[in-house]
Engineer: 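Have a look at this one before I ask anything.
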Amino acid sequence: MTDAEVAGVLSEIGALLQIKGENPFKIRAYDRAAEAIANLGQELSAIREAGELRSIPGVGSSIAEKIEELLDTGKCRHHQELLREVPASVFDMLRIPGVGPKTVKLLIDREGISTIEALEHAARAGVLRDLPGMGEKTEQEIIRGIAHLREYGKRANLGAAWAAADGIMEELKAGVDVDRMAAAGSLRRMKESIGDIDILIASAEAEPVMDRFVGLEAVAEVVAHGGTKSTIMTEAGIQADLRVVPPESFGAALQYFTGSKEHNVKLRDIGVRSKIKLNEYGVFRVAEGKEVRIGGREEEEMYSALGLAAMAPELREDQGEIEAAREGRLPELIEGSDIRGDLQMHSTWSDGRDDIEGLARAAKGLGYRYIAVTDHSPAQIQANGLSVERLRARKREIEAARRAVPGVAILNATEVDIKRDGVLDYPDEVLAELDFVVASVHSGWKMDREAMTARIIRAMESPWVDCIGHPTGRLIGRREPYEVDMEAVLEAAARLGVAMEINAYPDRLDLKDVHARRAKELGVKLAISTDAHSADQLALMRFGVATARRGWIEAGDVLNTLPLSQFRRRVRRTKSAGRRRGGKSAAS
Ligand code: DGT
Ligand code: CA
Ligand code: CA
Ligand code: ZN
């Protein structure tokens with residue numbers, strides 16, 4: 001059991017106790033312990049070995065015992081008892097973004113509401129607005145939250161799905177002879193959420209592959225075990241399909257099962273008009289009632305048979321890519337190797353796990369030429385945001401790390417909070433000392449659309465702001481984006497020469513694909529950043545690049561593909577007027 005999973009169980013115990021109306025101090029202790037464990041600088045097992053579990057905030061002897069039980073057995077009896085006492089339907093309500101245990105308890109006690117359906121009904125009927133602490137706005141949030149849960153609830157996050165798929169593919173490869181193997185479906189298209197994992201294998205003999213698949217370590221349940229197709233439920237709760245096809249059909253099957261369905265439907269229509277038939281076995285020319293096979297081993301053959309250039313899986317959503325392929329104007333999509341730096345990460349100075357030197361070494365290992373260390377500003381108390389004094393003290397550590405890790409430029413940077421009124425959380429003279437400034441909204445989510453839009457635009461009007469971090473604040477499956485007029489924000493970004501972030505963290509992917517595409521149309525520069533809270537999270541860049549590719553983004557649209565010298569010129573500051581404004585016309 002990972003430390004994050006231990007934290008998850010403790011936080012669930014806290015929620016269950018709260019629903020039961022138990023002692024608030026006890027509940028607080030579970031919440032604090034969960035929070036502390038989720039942000040530990042050290043592994044839980046090491047802390048346990050040192051006999052220091054009780055030094056973790058919130059952890060007394062009873063919680064310490066439960067942590068040990070979880071580490072040893074992967075389960076906790078107290079947790080399981082509570083789960084039995086609280087109906088599953090009540091527990092499900094906690095999965096609605098914005099609905100916590102306090103609200104659930106209120107709903108049960110005052111209205112007898114114990115299911116999502118009853119809650120939705122009550123919210124629509126307007127009976128919740130009179131409950132203490134609620135109003136019409138809360139009702140609307142609950143309705144939106146339920147819709148969000150229905151859309152994302154059963155789907156896995158892209159990062160978790162890739163971790164599961166990579167594990168499955170490695171184990172398969174180690175056990176049986178496979179010719180070729182690839183992920184297909186939404187996973188290959190790098191969609192922000194994944195319904196199920198699709199894996200494709202080319203092999204002359206399907207049976208041993210199937211036997212191996214249903215016997216994998218990660219299998220929690222075998223849903224179907226067939227000759228050429230099987231389905232499993234993984235321990236991680238994500239379903240996976242495996243199909244085995246003969247090698248001469250691999251390209252055809254890969255194209256078919258990559259989808260999207262809409263993309264494939266349009267391809268088949270084009271085929272019908274030119275007497276070409278496509279299916280998962282191959283591509284065929286139809287003449288006088290006879291089918292002649294003309295390809296299927298390679299995926300490109302499926303497209304070339306229709307006179308189309310092959311296109312990246314990320315584009316296959318029927319959003320104009322087929323027309324673009326036909327007219328020879330497909331974008332030259334950005335690739336991972338185009339990235340020369342990472343422009344958002346957190347060190348031990350705020351809420352990160354690794355120090356600045358560690359981050360720089362990892363970045364150098366990835367071949368980067370620069371990084372921006374963007375610890376939080378003072379308003380982020382729970383994330384250990386830096387006072388002006390600590391920010392200045394950090395400069396010395398940055399200088400030491402620059403000497404220790406030559407070859408990577410370490411930018412003295414910040415992720416500064418945008419306060420409710422749009423004012424930044426550091427004064428101008430402090431921001432002026434920095435090399436790069438990301439500004440983000442971390443509080444006051446529930447503002448109305450107009451106020452939120454004005455808030456963000458005001459922040460961009462500061463001459464010191466280079467980039468807006470995770471511009472909609474969403475946490476996929478957990479928190480709705482705040483309400484904001486994205487079109488107005490993007491127009492302002494173009495006018496003011498401020499970059500918009502594509503946050504690569506798989507829970508965020510923010511800007512999302514369609515917004516990134518619109519930003520590009522408006523001439524806004526993008527910054528693809530990981531928001532890493534540890535050195536190993538710098539590897540999350542692939543999800544940001546994939547999101548950019550889904551938004552038709554090319555290397556030239558992205559700030560952190562610039563070589564260091566050009567990047568520096570682009571964000572250079574002048575003493576009187578702040579950063580030299582590129583704006584739309586000069587943003588080359
Ligand atoms: P997901 O799993 O909901 O995240 O999305 P996908 O796209 O992975 O969908 P999935 O797993 O149901 O099917 C994988 C691919 O197989 C899909 O993208 C296109 C293809 N496919 C599945 N069913 C159909 C179908 O009825 N018609 C066509 N044309 N293609 C299909
Ligand atoms: Ca799928
Ligand atoms: Ca599937
Ligand atoms: Zn942030």
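All ligand and atom numbering here is 1-based and tracks the order in the structure. Please read these numbers as outputs of a predicted model, since none were measured by experiment.
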Engineer: May I ask whether atom 22 (C) of ligand 1 is less than 4.0 Å from at least one protein heavy atom?
Structural biologist: no
Engineer: For ligand 1, which is the ligand I care about here, please tell me if Arg268 has any N or O atom under 3.5 Å from one of the ligand's N or O atoms.
Structural biologist: yes
Engineer: Kindly give the heavy-atom pair with the smallest separation between Leu490 and His515, and that separation in Å.
Structural biologist: CD1-O, 4.0 Å
Engineer: Could you list the atoms of ligand 1 found under 4.0 angstrom from a heavy atom of Gly195?
Structural biologist: 1 (P), 2 (O), 3 (O), 4 (O)
Engineer: Is there a donor-acceptor pair closer than 3.5 Å between any side-chain N or O of Asp342 and the backbone N or O of Ile371?
Structural biologist: no
Engineer: Are Ser350 and Asn384 close enough that a side-chain donor and a side-chain acceptor fall under 3.5 Å?
Structural biologist: no
Engineer: Please find the pair of heavy atoms, one from Gly185 and one from Asp198, that lie closest to each other, and give the distance.
Structural biologist: CA-OD2, 3.8 Å
Engineer: Does any N or O of ligand 1 fall below 3.5 Å from an N or O anywhere on Ile194, backbone included?
Structural biologist: no
Engineer: So, is the end of the Arg340 side chain (NZ or CZ) under 6.0 Å from the ring centre of Tyr368 and within 45° of the ring's axis?
Structural biologist: no
Engineer: Closer than 4.0 Å and a protein heavy atom, does any atom meet both conditions relative to atom 11 (O) of ligand 1?
Structural biologist: yes
Engineer: Tell me which protein heavy atom sits closest to atom 17 (C) of ligand 1, plus the residue, atom name and distance to 0.1 Å.
Structural biologist: Gly259 CA, 4.0 Å
Engineer: In terms of residue, atom name and distance, what is the protein heavy atom nearest to atom 7 (O) of ligand 1?
Structural biologist: Arg189 NH1, 3.0 Å
Engineer: Under a 4.0 Å heavy-atom limit, does Arg155 contact ligand 1 with its side chain, its backbone, both, or neither?
Structural biologist: side chain
Engineer: Looking at the Ca ion (ligand 2), which N/O/S atom of Asp196 is the nearest one?
Structural biologist: OD1
Engineer: With sequence neighbours left out, what residues match Glu141 under salt bridge (charged side-chain N to carboxylate O under 4.0 Å, His left out)?
Structural biologist: Lys446
Engineer: Give the single entry among Arg316, Glu192, Lys261 that approaches atom 26 (O) of ligand 1 most closely by any heavy atom.
Structural biologist: Lys261
Engineer: Apply salt bridge (Lys or Arg N to Asp or Glu O under 4.0 Å) to Glu389 and Arg394, showing your working.
Structural biologist: CA-CA 9 Å; Glu389 292 68 36; Arg394 191 189 67 162; over 6 Å; no
Engineer: Output yes when a protein non-hydrogen atom is found under 4.0 Å of atom 5 (O) of ligand 1, and no otherwise.
Structural biologist: yes
Engineer: Looking only at protein heavy atoms, identify the closest one to atom 9 (O) of ligand 1 and say how far it is in Å.
Structural biologist: Asp198 OD2, 4.7 Å
Engineer: Minimum heavy-atom separation for Lys191 to Leu158, with atom names?
Structural biologist: O-CD1, 3.3 Å
Engineer: Hey, looking at atom 2 (O) of ligand 1, which of Leu267, Leu158, Asn279, Asp196 has the closest heavy atom?
Structural biologist: Asp196
Engineer: So which protein heavy atom does atom 20 (C) of ligand 1 come closest to, and at what separation?
Structural biologist: Tyr256 O, 3.3 Å
Engineer: Just to confirm my output: which protein heavy-atom neighbour is closest to atom 14 (C) of ligand 1, and how far is it?
Structural biologist: Phe257 O, 3.5 Å
Engineer: Can you find a non-hydrogen atom of Thr258 under 4.0 Å from ligand 1?
Structural biologist: yes
Engineer: From the options Ser186, Ala161, Ala184, Ala183, select the one whose nearest heavy atom is closest to atom 1 (P) of ligand 1.
Structural biologist: Ser186
Engineer: Check the orientation of Trp445 and Tyr482. Use parallel for under 30°, tilted for 30 to 60°, and perpendicular for over 60°.
Structural biologist: parallel
Engineer: Does the protein put any heavy atom within less than 4.0 Å of atom 30 (N) of ligand 1?
Structural biologist: yes
Engineer: Taking Arg549 first and then Glu314, would you say they form a salt bridge - that is, a charged N and a carboxylate O separated by under 4.0 Å?
Structural biologist: yes
Engineer: Where do Met233 and Gly237 come nearest, in terms of heavy atoms and distance?
Structural biologist: SD-C, 3.6 Å
